[in-house]
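These notes concern the structure reproduced below.
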Amino acid sequence: MHPEVDAYISNESRWKPELTVLRRIVLSMGLTEEWKWRKPCYTHAGTNLILIHGFKESCALMFCQGSLLKDPRGLLQKPGENSQDGRLIKFTSVREIEALETEIRTFIEEAKAAEDAGLKPAPRTTTEPVPEELKQKLEESGELKKAFAALTPGRRRAYLLHFNGAKQAATRCSRIEACRARILAGKGPHDCICGHSQRMPNCDGSHKRF
């Protein structure tokens, strides 16, 4: 048991009983408890399998490669509309957790078996269209074009989602220009660029304290 996880759960004002039960179940399945991204993280054979979260309206058990799991009852949800691999189950009471304990254990066993078998989710595909404004910027700057092509698929997709989220061409252009330095630095839109984040490589807002 990790001391920082002890502290995290002890200081949780809203979901302490629920997080305690989730932790008990996960630890009983032979996973290794670690502290990553300021959250309890559970690994198997050195791979991240599960995160435990406490949100405002619920707590959750997050399966990092949940898309690999069989889910006949439809219990697993995507964390966000654009999520690809992660899946989670949300809870608002200990009773809910206990009612699904058998299913939780089955999911964990499947996640461990998938890791042991070397299974991986299908390669991520970028289905987002490249906006015309970005095409033009890339053609105008060979350096920018090379840097954008060198980004990981996930970072490229995140940028395309960000740019395409703007309805006006002028707004798309301003977003592209605002992200130019990040792209040239090989960073994604949510990556830390100041070095102060406690959740590297992601930005967690720590820069606001400096």
Side-chain angles (χ1 to χ4, degrees), residues 4 8 11-12 14 34-41 47-68 76-88 90 120-210:
E4 289 189 86
Y8 171 79
N11 293 327
E12 173 61 47
R14 178 67 180 87
E34 300 185 29
W35 179 249
K36 297 182 179 181
W37 308 289
R38 298 195 298 180
K39 294 289 185 293
C41 177
T47 299
N48 302 328
L49 287 194
I50 294 172
L51 295 172
I52 292 178
H53 290 267
F55 300 113
K56 183 177 180 180
E57 302 296 334
S58 65
C59 62
L61 197 65
M62 167 81 173
F63 292 88
C64 299
Q65 296 189 352
S67 61
L68 294 173
L76 300 173
Q77 307 173 33
K78 286 187 174 184
E81 180 182 353
N82 299 308
S83 301
Q84 296 201 25
D85 301 332
R87 298 290 187 273
L88 55 76
K90 294 181 179 180
K120 300 296 179 184
R124 297 184 179 187
T125 57
T126 300
T127 58
E128 284 294 310
V130 179
E132 291 300 321
E133 295 78 10
L134 179 58
K135 290 180 181 178
Q136 182 176 343
K137 297 288 185 182
L138 297 180
E139 288 304 315
E140 292 173 352
S141 172
E143 182 183 19
L144 184 64
K145 185 175 183 178
K146 182 178 179 181
F148 190 78
L151 293 171
T152 63
R155 288 186 172 95
R156 286 198 300 273
R157 183 170 183 269
Y159 277 121
L160 294 178
L161 288 168
H162 178 54
F163 300 151
N164 287 325
K167 296 181 179 180
Q168 301 295 326
T171 306
R172 289 193 290 272
C173 285
S174 64
R175 288 188 178 186
I176 293 168
E177 285 303 318
C179 292
R180 178 183 290 267
R182 282 180 170 271
I183 295 172
L184 292 174
K187 301 288 187 179
H190 308 298
D191 288 346
C192 173
I193 58 175
C194 69
H196 295 303
S197 177
Q198 300 301 306
R199 298 179 57 193
M200 298 294 285
N202 297 328
C203 174
D204 65 359
S206 294
H207 60 276
K208 296 177 181 179
R209 301 198 301 267
F210 295 87

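Treat the numbers as computed from the prediction; the structure is a model and nothing was measured.
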What pairs of donor and acceptor atoms, side-chain ones from residues 49-57 against any protein atom, are under 3.5 angstrom apart with sequence neighbours left out?
none

All side chain to side chain donor-acceptor pair (under 3.5 Å) counterparts of [X], not counting sequence neighbours:
| X | result |
| --- | --- |
| Gln136 | Glu140 |
| Lys145 | Glu139 |
| Glu4 | Trp35 |
| Lys146 | none |

Is there side-chain contact between Leu68 and Pro121, with heavy atoms separated by less than 4.5 Å?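 They are in contact (side-chain heavy atoms under 4.5 Å apart), so the answer is yes.
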Between Tyr8 and Arg38, is there a side-chain heavy-atom distance shorter than 4.5 Å?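 They are not in contact (no side-chain heavy atoms under 4.5 Å apart), so the answer is no.
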Locate the shortest heavy-atom distance separating [X] from [Y]; write the atom from each residue and the value.
| X | Y | answer |
| --- | --- | --- |
| Gly66 | Leu76 | O-CD1, 4.1 Å |
| Gly86 | Pro79 | O-CD, 3.2 Å |
| Tyr159 | Gly188 | OH-C, 3.4 Å |

Measuring from [X]:[atom1] to [Y]:[atom2], what's the distance to the nearest 0.5 Å?
| X | Y | atom1 | atom2 | answer |
| --- | --- | --- | --- | --- |
| Arg182 | Asp191 | CZ | CG | 7.0 Å |
| Lys137 | Ile176 | NZ | CD1 | 7.0 Å |
| Arg14 | Ser58 | CZ | OG | 9.5 Å |
| Lys187 | Cys179 | NZ | SG | 14.0 Å |

Got more than 12 heavy atoms from elsewhere within 6.0 Å of CD, Glu34?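 Yes, because the 6.0 Å sphere around CD of Glu34 holds more than 12 heavy atoms from other groups.
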Can any side-chain N or O of Arg156 pair as donor or acceptor with the backbone N or O of Leu151 at less than 3.5 Å?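 Yes: the side chain of Arg156 pairs with the backbone of Leu151.
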Lys120: partners by side chain to side chain contact (heavy atoms under 4.5 Å, CB included), with sequence neighbours left out: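 Once residues adjacent in sequence are excluded, the partners of Lys120 under the side chain to side chain contact (heavy atoms under 4.5 Å, CB included) criterion are Gln65, Glu115.
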Just jot down the side chain to side chain contact (heavy atoms under 4.5 Å, CB included) partners of Ala147, sequence neighbours excluded, or say none.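 Ala147 satisfies side chain to side chain contact (heavy atoms under 4.5 Å, CB included) with Ile183, Leu184 once adjacent residues are dropped.
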Set of residues satisfying salt bridge (Lys or Arg N to Asp or Glu O under 4.0 Å) with respect to [X], sequence neighbours excluded:
| X | result |
| --- | --- |
| Lys90 | none |
| Arg87 | none |
| Arg180 | Glu177 |

Please enumerate all residues that pass ring-ring contact (aromatic ring centres under 6.0 Å, His included) together with Phe148, with sequence neighbours excluded.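 ring-ring contact (aromatic ring centres under 6.0 Å, His included) check on Phe148 returns nothing, list empty.
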Using the side chain to side chain donor-acceptor pair (under 3.5 Å) rule, collect all pairs that involve residues 164-175, keeping only residues at least two apart or in two chains.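 Output for this query lists Glu128-Asn164, Glu133-Arg172.
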